[in-house]
Participant: 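Sharing a structure, written as structure tokens. Questions coming.
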Amino acid sequence: MLPEYNNIILNRDIVYDFNPFGGITEEDILDCIVPKYPLEEWIKLLNNDQPIILQFVGKKGRGKTTHLRLLYQLVDNADIFFLNKNEKLPIIQSTKEIVFIDSIHHIPIKQRLQLWKNESKSYIITTHVKRNLEFHFTNRLFKTYKFKGITEQILENIIRHRVVLSSNLEEQSIKINQELIQYLIKKYKDDIRSILNFLYYNFKTQSYGS
């Protein structure tokens with residue numbers, strides 16, 4: 001059952017510039033994201049002389065795309081492509097050494113194999129299932145990172161960063177509703193996107209009216 005007092009932030013008299021639980025701009029992502037994964041390791045692998053494929057594997061809403069966007073900002077000589085089944089797929093052509101592709105499953109396997117055969121490029125992809133067979137078939141070096149799991153502390157940190165970004169509060173002064181944190185993890189498990197969607201709607205209805 002949803003806690004009776006369902007506001008995630010318990011501080012009163014907060015001035016918000018915008019709903020803290022909406023989408024993150026490219027300018028804000030570095031200040032807002034709570035990395036769960038080894039950014040320094042990824043950068044080192046991509047700066048290596050031997051091209052590699054990094055695959056971020058997990059269900060929807062686990063943070064794959066957010067980490068992809070963050071890593072893209074931290075490397076040089078790269079292109080990024082966001083694929084959507086409801087839009088015409090772009091031709092993945094790039095002169096850059098590193099290519100980021102979000103939702104690689106939207107590309108037919110024949111086209112994917114053509115990409116992997118380009119041994120001079122490194123690829124960073126998000127995918128719901130592992131593409132190991134494709135990489136083995138094209139004799140590519142690759143590493144897999146599974147996006148799953150969340151703790152109360154990680155969720156608290158995500159929320160704190162977002163509130164700091166959108167309000168007049170400092171991080172150390174933010175009071176978190178622990179009962180609601182536990183409820184959200186019990187209900188949505190590690191689906192961070194669904195948790196943020198819940199908080200976005202909750203914030204909107206309480207602050208601006210439904």
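If you're wondering where the values come from, they're calculated on a predicted model, not measured in any experiment.
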Participant: In the structure I gave you, are the side-chain heavy atoms of L68 and I80 within less than 4.5 Å of one another anywhere?
Facilitator: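 Touching, per the 4.5 Å side-chain cut-off.
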Participant: Between the side chains of D191 and K59, is the shortest nitrogen-to-carboxylate-oxygen separation below 4.0 Å, so that they form an ion pair?
Facilitator: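 Here K59 does not pair with D191 in a salt bridge, since their nearest N and O are not under 4.0 Å apart.
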Participant: Distance check, rounded to the nearest 0.5 Å: I181 atom CD1 versus I154 atom CD1?
Facilitator: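 Interatomic distance, I181 CD1 to I154 CD1, rounded to 0.5 Å: 11.5 Å.
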Participant: Do the side-chain N and O atoms of S166 and D17 include a donor-acceptor pair separated by under 3.5 angstrom?
Facilitator: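 No.
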Participant: So, do I104 and F81 sit near enough that their side-chain heavy atoms are less than 4.5 Å apart?
Facilitator: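 No, their side chains stay 4.5 Å or more apart.
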Participant: Under 3.5 Å, is there a donor-acceptor pair between the side chain of K64 and the main chain of G58?
Facilitator: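 The answer is yes, because a donor-acceptor pair under 3.5 Å joins these two groups.
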Participant: May I ask you to test the I92-Q114 pair for a side-chain heavy-atom distance under 4.5 Å?
Facilitator: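 No, every pair of side-chain atoms sits at 4.5 Å or beyond.
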Participant: Check whether T138 reaches the backbone of E134 with its side chain - one donor and one acceptor, N or O, closer than 3.5 Å.
Facilitator: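 Yes, the answer is positive, given that a donor and an acceptor are paired below the 3.5 Å cut-off.
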Participant: Inspect the contact between K121 and E97 and indicate whether a charged nitrogen and a carboxylate oxygen are less than 4.0 angstrom apart.
Facilitator: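 Salt bridge absent between E97 and K121.
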Participant: Okay, side chain of S94, backbone of D79: is any donor-acceptor separation there less than 3.5 Å?
Facilitator: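 Not confirmed, S94 side chain does not pair with D79 backbone.
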Participant: Mark yes or no for whether N157, through its side chain, and V34, through its backbone, hold a donor-acceptor pair below 3.5 Å.
Facilitator: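 No: the side chain of N157 does not pair with the backbone of V34.
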Participant: Got a second to check how far I125's CD1 is from D102's CG, nearest 0.5 Å?
Facilitator: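 Result: 10.5 Å between the selected atoms.
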Participant: Do R131 and F135 have side chains that approach each other closer than 4.5 Å (heavy atoms only, starting at C-beta)?
Facilitator: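 Yes, side chains in contact.
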Participant: Strictly distance-based, threshold 3.5 Å: is any side-chain N or O of N202 a donor or acceptor partner for the main-chain N or O of F198?
Facilitator: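 Side chain of N202 to backbone of F198: no pair is present.
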Participant: Can you check whether I9 reaches I159 side chain to side chain, under 4.5 Å on heavy atoms?
Facilitator: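 Touching, per the 4.5 Å side-chain cut-off.
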Participant: Report yes if the side chains of P51 and R140 come closer than 4.5 Å at any heavy-atom pair, otherwise no.
Facilitator: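 Touching, per the 4.5 Å side-chain cut-off.
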Participant: Identify whether F142 and F56 are in the same connected component of the hydrophobic contact network (ILVMFWY, side-chain heavy atoms under 4.5 Å).
Facilitator: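 No, it is not one cluster - the side chains of F142 and F56 are not joined through contacts under 4.5 Å.
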Participant: Honestly curious: do L39 and I124 fall in one hydrophobic cluster under the side-chain, below-4.5 Å linking rule?
Facilitator: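 Yes, L39 and I124 fall within the same hydrophobic cluster.
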Participant: Taking the ring centre of each residue, are Y123 and F100 less than 6.0 Å apart?
Facilitator: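 No.
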Participant: State the NE2-CD1 distance between H106 and I101, to the nearest 0.5 angstrom.
Facilitator: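 The NE2 atom of H106 sits 12.0 Å away from the CD1 atom of I101.
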Participant: State whether the side chain of N19 and the backbone N or O of F203 hold a donor-acceptor pair below 3.5 Å, judged by distance alone.
Facilitator: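 No; judged by distance alone, with no hydrogens or angles, the pair does not exist.
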Participant: Check this for me: E170, atom CD, are more than 12 non-hydrogen atoms of other residues, nucleotides or ligands nearer than 6.0 Å?
Facilitator: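 Not more than 12 within 6.0 Å, no.
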Participant: May I ask you to test the E152-I185 pair for a side-chain heavy-atom distance under 4.5 Å?
Facilitator: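 Touching, per the 4.5 Å side-chain cut-off.
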Participant: Taking atom types as modelled and ignoring hydrogens, do the side chains of T25 and D28 form a donor-acceptor contact shorter than 3.5 angstrom?
Facilitator: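 Yes, D28 and T25 have a side-chain donor paired with an acceptor closer than 3.5 Å.
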Participant: Spell out, yes or no, whether L46 and V99 are grouped together once hydrophobic residues are joined by side-chain heavy atoms under 4.5 Å, including indirect joins.
Facilitator: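 Result: no, two separate clusters.
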Participant: Is there a continuous path of hydrophobic side-chain contacts, each under 4.5 Å between heavy atoms, that joins L70 to I150?
Facilitator: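 No; I150 is not reachable from L70 via cluster members.
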Participant: If the threshold is 4.0 Å, N to carboxylate O, is there a salt bridge linking E40 and K44?
Facilitator: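 Looking at E40 and K44, the cut-off is not met.
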Participant: Can you get from I192 to I24 by hopping between Ile, Leu, Val, Met, Phe, Trp and Tyr side chains that sit under 4.5 Å apart?
Facilitator: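 Result: no, two separate clusters.
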Participant: May I ask you to decide if K148's main-chain N or O and D190's side chain share a donor-acceptor pair within less than 3.5 Å?
Facilitator: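 Side chain of D190 to backbone of K148, a donor-acceptor pair under 3.5 Å: no, none is there.
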Participant: Return each pair, listed once, that meets ring pair (Phe, Tyr, Trp, His ring centres under 6.0 Å) where at least one residue sits in residues 20-40; pairs must be two or more places apart or across chains.
Facilitator: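 Counting only pairs at least two positions apart or across chains, the ring pair (Phe, Tyr, Trp, His ring centres under 6.0 Å) contacts touching residues 20-40 are Y37-H67, Y37-F147.
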Participant: Indicate whether any N or O donor in one side chain lies under 3.5 Å from an N or O acceptor in the other, for Q55 and N132.
Facilitator: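 Side chains of Q55 and N132: pair found under 3.5 Å.
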Participant: Can you tell me how far NZ of K110 sits from CG of L115, rounded to the nearest 0.5 angstrom?
Facilitator: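 It comes to 13.0 Å.
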Participant: Check for a donor-acceptor pair, side chain of S103 on one end and backbone N or O of H105 on the other, with a separation under 3.5 Å.
Facilitator: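 Checked: no pair found.
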Participant: Just jot down the side chain to side chain contact (heavy atoms under 4.5 Å, CB included) partners of L141, sequence neighbours excluded, or say none.
Facilitator: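 Applying side chain to side chain contact (heavy atoms under 4.5 Å, CB included) to L141 gives Q50, I52.
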Participant: Is a side-chain N or O of R62 found less than 3.5 angstrom from the main chain of V57, in a donor-acceptor match?
Facilitator: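 No; judged by distance alone, with no hydrogens or angles, the pair does not exist.
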Participant: Please tell me if the side chains of N177 and N7 come closer than 4.5 Å, counting only heavy atoms from C-beta onward.
Facilitator: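 N177 vs N7: side chains apart.
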Participant: For K60, look at atom NZ and say whether over 12 heavy atoms of other residues, nucleotides or ligands are found less than 6.0 Å away.
Facilitator: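 Counting neighbours around NZ of K60, 12 or fewer heavy atoms of other residues, nucleotides or ligands fall under 6.0 Å, so no.
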Participant: Only counting residues at least two apart or in another chain, list the ones meeting side-chain hydrogen bond (donor to acceptor under 3.5 Å, both in side chains) with E41.
Facilitator: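 Partners of E41 under the side-chain hydrogen bond (donor to acceptor under 3.5 Å, both in side chains) test: K143, Y145.
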Participant: Rounded to the nearest 0.5 Å, what separates atom CD1 in I8 from atom CG in L180?
Facilitator: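 If I round to the nearest 0.5 Å, the distance is 4.0 Å.
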Participant: Without swapping roles, check the side chain of R112 against the backbone of I107 for a donor-acceptor pair under 3.5 Å.
Facilitator: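 Such a contact is found between R112 side chain and I107 backbone.
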Participant: For the atom pair CD1 (I53) and CG (L45), what is the distance rounded to the nearest 0.5 Å?
Facilitator: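 Atom-to-atom, I53:CD1 and L45:CG are 12.5 Å apart.
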